[in-house]
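Read through the structure below, which is laid out as structure tokens, and then see the notes.
First listed ligand is number 1; within each ligand, the first listed atom is number 1. Note that this is a predicted model, so its numbers are computed, not measured.
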Amino acid sequence: MKRIRIFDTTLRDGEQSPGCSMNLTEKIEMARQLEKLGVDVIEAGFAIASPMDHKSVQAIAGAVSECVVASLARCTKGDIDAAWDAVKEANHPRIHVFLATSDIHMQYKLQMTREQVLQRISDMVAYAKGFCDDIEFSAEDASRSDWAFLAQCYTNAVAAGATTLNVPDTVGYSTPQEMSDLIHYLRRNVPGIENTDISVHCHDDLGMAVANSLACIQAGATQVECTVNGIGERAGNASLEEIVMALRTRRDFYDADTGINTRQIYRSSKLLSNITGVPIPPSKAVVGANAFAHESGIHQHGVIANAQTYEIMNSADVGIPQNTMVLGKHSGKHALREKLISMGYELTDEELEAVFARFKVLADKKKNITAADIEALVLHRRHNIHTTCQLVSHVVNAGHGVPNLSCIKLRRDDQEMEDVAIGSGPLDASFKAINRMLGLEQQIRLESYSLNAVTDGEDAIGEAVVKLATAGGKSYTGTGLSTDIIESSIRAYVNGINKMLEEAN
Ligand code: KIV
Ligand code: ZN
């Protein structure tokens, strides 16, 4: 059976998509989860892009030990120097250099001739090789490049020391048959390609990224580039969970597998959604809320008789928590720890304390606490630790035909502060009071707001997500959790502000 390497680019291509930016702490948390998931390569960022990108690639290089850590670099010495500087402390560093090879990119973007591009590839792959053994070369827009010229580009990259050749369908234009033919063509026409990994990187503009990636695997690709939840530029990248589960579920067809611990898939997906505030669409394959739900009577009947009538995967194999065992207000820390372990979460004592404190608060308000509730508490535990501002109390007076008024008390460092504001609704009033208290009225704007119920029922926890935009054009996502939706919204707002303040410090 073929072993396919999973190159995860959630923290680079994924993070480039609108609304998906993450701060340093979040990137490190996500990278650690990717390592638990068992990806082979983490593309940690584009080190030259900004000092913050450089810092995060460097921090991830120090935070993971098993995975290869890659930084992207254009074919210039400055980019390659920055990439190497950021990944050099990793146990397994990789420099990923790229240059566009399609006529349209060379003419309009690079303003370079084919000869110049060929020379640049040779020079810059060799330059990167001077730092690091593990060099990946990507021909950007490969799928729209002239095939003979493309083969020459890869030939130069191999001759200069590239160990992985990546074939991107940068604009998501190709079909599975075309991608498959291209991989076969390159295997026949690039001398030395048999000693390298052949990688594919497909975008989802026509909804074919996963199908294209799988077709390339059949044609001989040994590495796929993908992201958790399929996030990425424009319509996104190929989704990691879909590729992995397709290979696993249809092993009979693909005769290939990955090193992914599939039981960590759901957790990785939820963590990313929680960090970015980008919800998982309900009908998203593998991880969507409806992926294992059966609504029609005929289907329900079939599944009760034999799950395989309508389920081709087992939800437990993807790590979706079973909601059977519940905890309540008499459950102790030990029971909570056991439940967490059964769900695959191993927390430190400090983290368990924080989750347990929130569990007790929730248990006072909600009779039966399910796995979904507990998961939400774990994902939100970060908010209790290292925060600059904390919500102490809120009183809201809202209704129709009366002024909507909110009184908020916050603690910033060791100081308590309080303010009252009137707004068009209870949340507007609360957010105004917070902005005034912190002197942020001119600096931030509420960009978007959403509220989701974590579980069913009238005592469900509400998870609020706010996106705050700063005057400087930056955006911060805050999330908050409570059975009281006004409280979860205020917490989400304060959480977003904390992220902004943390970055400013
Ligand atoms: O889509 C693309 O071509 C890329 C490359 C930089 C690999 O992201
Ligand atoms: Zn891409």
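Of the polar atoms of Thr170, at least one N or O is found under 3.5 Å from an N or O of ligand 1, judged by distance alone. Where the criterion is an N or O separation shorter than 3.5 Å, residue side chain and backbone included, Ser138 fails it with respect to ligand 1. At least one N or O atom of Asp13, backbone or side chain, sits closer than 3.5 Å to an N or O atom of ligand 1. In terms of polar-atom proximity, defined here as any N/O pair under 3.5 Å, Arg12 does make such a contact with ligand 1.
Residues Ser180 and Ile183 are not in side-chain contact: their nearest non-hydrogen atoms beyond the backbone lie 4.5 Å or more apart.
Checked for salt-bridge contact, Arg120 and Asp123 miss the test: no charged N lies under 4.0 Å from a carboxylate O. Salt-bridge annotation for Asp257 and Arg251: present, with a side-chain N of the basic residue lying under 4.0 Å from a carboxylate O of the acidic one.
When distances from the Zn ion (ligand 2) to the N, O or S atoms of Asp13 are compared, OD2 comes out shortest. No other N/O/S atom of His201 lies as close to the Zn ion (ligand 2) as NE2 does.
Against a heavy-atom cut-off of under 4.0 Å, Pro168 is close to the following atoms of ligand 1: 3 (O). Atoms of ligand 1 lying under 4.0 Å from at least one heavy atom of Glu140, given by number and element, are 3 (O).
Using a distance-only test at 3.5 Å, with no hydrogens or angles considered, a donor-acceptor pair links the side chain of Thr249 to the main chain of Met245. Side-chain N or O atoms of Asn23 include one that pairs as donor or acceptor with a backbone N or O of Glu26 at under 3.5 Å.
Aromatic ring centres of Phe137 and His96 lie farther apart than the 6.0 Å criterion allows.
In summary, no N, O or S atom of Glu225 is located under 2.8 Å from the Zn ion (ligand 2).
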Quiz item: When you look at Asp317 and Tyr266, which way does the side chain to side chain donor-acceptor pair (under 3.5 Å) test go after all the steps?
Solution: CA-CA 9 Å; Asp317 289 346; Tyr266 182 71; over 6 Å; no

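At a heavy-atom distance under 4.0 Å, only side-chain atoms of His203, from C-beta outward, approach ligand 1.
Between Tyr127 and Phe131, the ring planes lie perpendicular to each other; the angle is over 60°, past the 30° to 60° tilted range.
The nearest heavy-atom contact from the protein to atom 4 (C) of ligand 1 is His201 NE2, 3.4 Å.
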